[in-house]
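The first residue of the sequence shown is numbered 1, and numbering continues consecutively from there.
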Amino acid sequence: MIKERETNMPSSKKIISRKLVILGNGFDLNLGMKSRFSDFAASNYGKEVLQQNRWKNPRPYWYNFEENMAQNYTSALLKRIRAEKERVKSSHLHKFGYYLKQYRNISEKLTEYLEAAQDDVLNAQNEISSRNDANPFKHSPTIPEVMPETDKKLKEADAILSFNYTQTPQEIFGISDERVIYIHGSLKDNNIILGANNDVNFQGEINDFTPLRKAFRRDVNDFIQRQKPDSDVLNEFKKFDMQFYNYRNLPTEFYKAKILPEVLELDENYEMISKYFVDDQLLNFGEQNWDRTMKIKEEWKRNSKLAPQIIDYVSNNLFRPFKIDLGIGIHSLNEIEEISIMGHSLNSDIEVIEDLLHSCLKLKKVNIFYYNGESITEKMRKVEFVLKNVFYSNVDVNLISYWAK
């Protein structure tokens, strides 16, 4: 939310250096968690639901599953529509409704599976701690002790952007909850997000495909967290927010409420730097145009039957979809001078990572953590990805082992 952050903004005269850690599934894998897609697919939790969903021969990576989910669902339905002369029939949407139900079933079973997998890792760590407490003269090393460089970077971080769902940074490394930003929901909040982030998968789509978009589901999670809506308001918000992801990228509600010209004029004056994150540009623009924004909001309320909670929320976001906020630890992307990437393949959610790297204008260092046995080719691919997307080419890129002393 733009106004809420305004009062916490540091003085522009003060030079602040912040550190950010990005976590991906490889981080949990290095802790011994069986969190690959292939692990889930081979489990009792995954076998039945994936067979119901006609999933065969699953590849081991989550990004394969997410890409296939979007491509399979959208292409199958769009081909059927095109074969029938582009007319969308109720039978098509019924079919897609079946797909969405399967998607929800997969999310529920995945949540159950990951909770069990997380418990296995945490119980093993707790057992080691209990043995050490019982017999301090026969000390068994804990995970932070055998991964000291990993532990150091996590504890130094002002914020941790986690693409995982698990509580391992808090439970194993002692990181406080408020420093961990869950971009795709968490097991703790029971709101995990599965979906696709690549817009290419959704070109030419109809609105009904929007629930497969991670960006849309991030909007929904944030709305729930901030507004605590009842089920009717939540469903109303989903219908409204879906329109941000159609080919016009604007809700028809703006036209119906007679605020479209004002919203478009406001939009024309904003020069966007980051597409996905709250940045200085957005914060400053919100501060400068707050009175104007509130006038548009009041006009919207007078001309609309939409729930006031939705109008308040969207207006506070400057009539835009939700953007990712890095929390109390990092107020501005321009404060970030060091990023450590732990366990993210840089194959999935690449639009978000690219946007982040390019928007951190004062970034000086990127650390890429790697596991034992990771190929030189894979390491170099990640280094090249970072160098290709940082704003300045003189950023220092380091390769660090998870087990470095």
Side-chain angles (χ1 to χ4, degrees), residues 1-9 183 191 193 195 199 202 205-327 331 355:
M1 306 287 274
I2 305 305
K3 195 67 174 178
E4 289 176 4
R5 287 291 302 275
E6 180 187 327
T7 56
N8 296 324
M9 285 182 63
I183 186 172
N191 63 351
I193 292 175
D199 288 344
F202 296 99
E205 71 171 34
I206 54 178
N207 273 358
D208 298 82
F209 293 117
T210 300
L212 294 178
R213 286 177 176 264
K214 288 182 177 179
F216 168 76
R217 297 184 67 80
R218 286 197 293 267
D219 293 354
V220 173
N221 275 359
D222 188 66
F223 182 73
I224 293 171
Q225 179 185 357
R226 295 185 183 278
Q227 298 294 325
K228 308 295 189 293
D230 61 31
S231 58
D232 290 338
V233 172
L234 179 58
N235 288 331
E236 190 176 3
F237 173 77
K238 288 178 181 179
K239 291 177 182 178
F240 169 84
D241 196 69
M242 284 171 66
Q243 296 176 66
F244 276 121
Y245 300 97
N246 64 18
Y247 68 96
R248 289 191 181 92
N249 296 323
L250 279 172
T252 57
E253 169 70 18
F254 290 165
Y255 172 78
K256 293 178 181 178
K258 301 178 182 179
I259 62 169
L260 183 59
E262 290 87 348
V263 171
L264 290 176
E265 184 179 351
L266 189 70
D267 196 62
E268 286 176 1
N269 294 327
Y270 171 62
E271 296 180 6
M272 183 174 65
I273 293 179
S274 175
K275 180 179 179 181
Y276 294 103
F277 292 86
V278 173
D279 59 13
D280 282 356
Q281 194 83 347
L282 185 64
L283 291 172
N284 293 337
F285 184 79
E287 182 178 356
Q288 294 164 8
N289 292 275
W290 193 252
D291 291 340
R292 185 179 176 187
T293 300
M294 291 302 99
K295 288 181 181 178
I296 298 174
K297 181 179 82 170
E298 292 309 313
E299 184 180 356
W300 187 3
K301 284 186 174 180
R302 286 193 298 269
N303 299 328
S304 176
K305 295 181 180 179
L306 202 64
Q309 280 179 279
I310 299 174
I311 295 176
D312 289 340
Y313 175 83
V314 177
S315 300
N316 287 348
N317 282 332
L318 301 180
F319 311 101
R320 300 167 178 278
F322 159 72
K323 285 194 174 186
I324 301 161
D325 190 325
L326 293 177
H331 295 280
D355 179 69

For the student: nearest non-hydrogen atoms of N303 and A257, plus distance:
ND2-O, 3.0 Å

Among residues two or more places apart or on two chains, list those pairs meeting salt bridge (charged side-chain N to carboxylate O under 4.0 Å, His left out) that have a residue in [range].
{"range": "residues 229-242", "result": "none"}
{"range": "residues 261-274", "result": "E265-R292, D267-R320"}
{"range": "residues 293-309", "result": "K297-D312, K301-D312"}

In the structure I gave you, are the side-chain heavy atoms of [X] and [Y] within less than 4.5 Å of one another anywhere?
{"X": "I183", "Y": "R218", "result": "yes"}
{"X": "Y270", "Y": "N289", "result": "no"}
{"X": "N316", "Y": "W290", "result": "yes"}

For the backbone of Q227 and the side chain of Q309, can you confirm whether one donor and one acceptor N or O come within less than 3.5 Å of each other?
yes

Rounded to the nearest 0.5 angstrom, the CG-NE2 distance for D325 and H331 is 9.5 Å

So how far is it from F319 CZ to T293 OG1, rounded to the nearest 0.5 Å?
5.5 Å

Per the side-chain contact (heavy atoms from CB on, under 4.5 Å) rule, which among I310, I311, I259 passes with S304?
I311

For the side-chain contact (heavy atoms from CB on, under 4.5 Å) test, which of N191, I193, L234 pairs with V220?
L234

Can you name the side-chain contact (heavy atoms from CB on, under 4.5 Å) partners of L260, sequence neighbours left out?
L250, F254, Y255, L264

Can you name the side-chain contact (heavy atoms from CB on, under 4.5 Å) partners of D355, sequence neighbours left out?
S274, K275, Y276, F277, S359

Under the ring pair (Phe, Tyr, Trp, His ring centres under 6.0 Å) test, residues paired with F237 that sit two or more places apart:
F223, Y313

side-chain contact (heavy atoms from CB on, under 4.5 Å) assessment of Q225 paired with D222
CA-CA 5 Å; Q225 179 185 357; D222 188 66; 4.3 Å; yes

